[in-house]
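Notes follow once the structure below has been shown.
Because the structure is predicted, anything quoted here is derived from the model rather than measured. So that the names make sense, note that chain A is the first sequence line, chain B the second, and so on, each numbered from 1.
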Amino acid sequence: MFQVIGGRGVQVTRLLAPGRAVLVEAVRGRKSRTDTVAKSKQGRIKVPPPVDPTEMVVLKERYAEYEMITRALRLEFKEEVLRKKYEEETGSMAEERSRQEAEEHRALMVFNDQENLRMLQQRVVRIQMEKEEAENKQVEAAIERELQQQEFIKEKEREILKLQEDAKNFITLENLDQRIEEALDSPKNYNFAVDKEGRVVKQTMLQ
Amino acid sequence: MPMKGRFPIRRTLEYLQKGDIVLKNRVKIMTVNYNTSGELSDGARKFVFFNIPQIQYKNQWLQIMMFKNMTPSPFLKFYLDDGEQVLVDMEGKDYKQISQHVKKILGKSEEVLQAEAQAKMQASNPANFGPRKYCLRECICEVEGQVPCPGATPLPKEMTGKHRARMAAAAAQE
């Protein structure tokens with residue numbers, strides 16, 4: 001369907017052909033190449049639309065100009081965007097800014113380091129105080145323990161002495177008769193009286 | 001109606017959006033070492049409990065890691081993208097002081113934040129119509145009170161170009 005026209009005809013064709021960059025190839029559509037042609041399209045010969053030469057020439061010029069202008073505008077805008085981006089990243093302002101930022105960052109880091117140093121000193125002091133307190137506590141605890149031990153020993157000694165005292169009054173085989181005699185001689189009265197007010201009266205008559 | 005956790009306000013959008021620590025782009029990783037018991041680590045615990053959700057909300061791409069009971073004293077460590085490490089001692093400090101300190105040394109300043117907000121607003125102009133990815137709306141027919149899309153409901157005859165052309169042709173003929 002698309003014949004090749006050679007020789008001088010090419011220039012004419014180029015002049016007269018619409019200035020499209022890409023030729024639209026025939027698309028198969030719904031039917032494959034083995035399907036029969038429709039009845040209404042049996043003898044059809046497809047003819048390209050007629051071209052008026054003078055109109056074509058004028059249109060081509062105008063289109064060429066128009067497309068050149070629009071392409072130029074598009075490229076201008078693209079270039080502007082790229083230039084802005086470039087300025088943003090590697091312009092003179094960007095270097096200033098990055099230097100300033102680095103300086104600020106360094107200053108802040110110094111501040112942070114000072115803060116950390118201060119905390120460190122506080123911590124050292126605190127640990128020192130805690131250690132001293134712990135030591136004091138230990139010493140005190142040791143003293144407490146010593147005192148308690150001493151108390152214990154004294155208590156035990158007192159008990160021993162008390163026992164020794166009591167031992168003098170014990171009833172032994174030798175004293176037995178004597179003590180029995182004494183007990184019989186002195187009768188003890190365990191009775192007592194209580195009145196309604198709760199007063200205890202230990203002196204009662206032995207019967 | 002479940003309110004989960006001890007301070008469920010921490011899970012509300014309003015609380016998260018109130019967070020004011022936006023870290024610089026250079027900070028990539030934040031590590032928190034703290035202890036679960038002890039008077040000195042109390043500020044650190046509160047910082048982790050109250051402020052970390054806000055920080056993560058505002059810095060979605062920041063990696064935050066928590067380590068418990070590994071060291072006797074609590075601290076923060078920030079890892080920047082050029083390999084620099086910033087250590088912040090937290091022992092004995094109040095959680096408000098900690099967050100202010102962090103904001104001062106590694107946070108974006110107010111002007112920077114405002115400039116960024118401005119740039120974002122300029123980029124997303126609501127007057128632009130286009131693909132959903134870049135603009136709010138694609139066609140004026142989506143706006144309330146405007147002529148509805150002729151794809152959904154057919155236009156009245158008087159508004160179609162066909163009718164108008166016919167009228168114009170009829171008038172020209174006369």
Side-chain angles (χ1 to χ4, degrees), chain A residues 49 70-71 73-138 140, chain B residues 21-28 30 33-35 38-44 47 71-113 115-116 118-119 122-123 134:
Chain A
T70 46
R71 207 176 327 126
L73 278 171
R74 268 195 219 112
L75 286 176
E76 277 288 333
F77 291 138
K78 276 190 205 164
E79 201 188 324
E80 190 187 326
V81 165
L82 283 175
R83 202 186 323 128
K84 259 200 196 153
K85 203 156 159 269
Y86 180 75
E87 281 287 322
E88 175 80 34
E89 281 170 16
T90 54
S92 57
M93 278 301 295
E95 264 185 45
E96 268 282 323
R97 231 185 308 144
S98 65
R99 202 163 37 83
Q100 229 177 2
E101 270 179 32
E103 272 185 29
E104 277 171 16
H105 185 253
R106 217 155 6 111
L108 288 170
M109 291 301 111
V110 162
F111 168 73
N112 186 42
D113 285 334
Q114 279 171 356
E115 192 68 29
N116 283 352
L117 215 66
R118 192 172 63 87
M119 297 293 299
L120 174 74
Q121 280 157 0
Q122 274 183 4
R123 198 178 333 152
V124 161
V125 165
R126 198 181 343 117
I127 288 176
Q128 193 82 352
M129 285 194 31
E130 274 175 18
K131 217 170 20 162
E132 278 172 18
E133 257 191 53
E135 266 181 41
N136 283 355
K137 258 207 203 133
Q138 260 196 336
E140 273 173 27
Chain B
I21 302 185
V22 183
L23 295 174
K24 292 185 182 150
N25 296 338
R26 290 195 289 168
V27 180
K28 299 291 179 199
M30 175 169 147
N33 266 287
Y34 66 105
N35 296 331
E39 186 63 49
L40 296 164
S41 198
D42 191 45
F47 178 75
T71 64
S73 71
F75 62 91
L76 291 163
K77 205 150 195 198
F78 297 89
Y79 298 82
L80 277 55
D81 63 359
D82 54 355
E84 193 184 337
Q85 298 175 7
V86 183
L87 174 73
V88 177
D89 201 348
M90 283 203 283
E91 194 167 19
K93 279 193 185 163
D94 191 28
Y95 74 101
K96 289 209 170 70
Q97 288 174 352
I98 297 171
S99 74
Q100 270 171 8
H101 185 69
V102 166
K103 190 173 173 193
K104 182 165 175 194
I105 55 169
L106 285 168
K108 283 191 185 161
S109 59
E110 279 296 324
E111 314 104 40
V112 171
L113 280 173
E116 278 183 6
Q118 276 277 355
Q122 272 173 355
Y134 304 104

- Message: Just checking Phe111(A): does its CZ atom have more than 12 heavy atoms from other residues, nucleotides or ligands closer to it than 6.0 angstrom?
- Response: yes
- Message: Tell me which one of Asp89(B), Val102(B), Leu106(B), Val86(B) satisfies side-chain contact (heavy atoms from CB on, under 4.5 Å) with Asn112(A).
- Response: Val86(B)
- With a 4.5 Å limit on heavy-atom distance, are the side chains of Leu80(B) and His105(A) in contact? yes
- Query: Going by an N to O cut-off under 4.0 Å, is there a salt bridge joining Lys93(B) and Glu115(A)?
  - Reply: yes
- Query: Which atom pair, heavy atoms only, marks the closest approach of Leu87(B) to Asn116(A)?
  - Reply: O-ND2, 2.8 Å
- Might you confirm whether atom CD of Glu39(B) has over 12 heavy atoms from other residues, nucleotides or ligands at distances under 6.0 Å? no
- Turns out that what part of Lys24(B) lies under 4.5 Å from chain A's heavy atoms comes down to side chain
- Task: Considering non-hydrogen atoms only, spot the tightest contact between Arg126(A) and Glu91(B) and give its length.
- Result: NH1-OE2, 3.6 Å
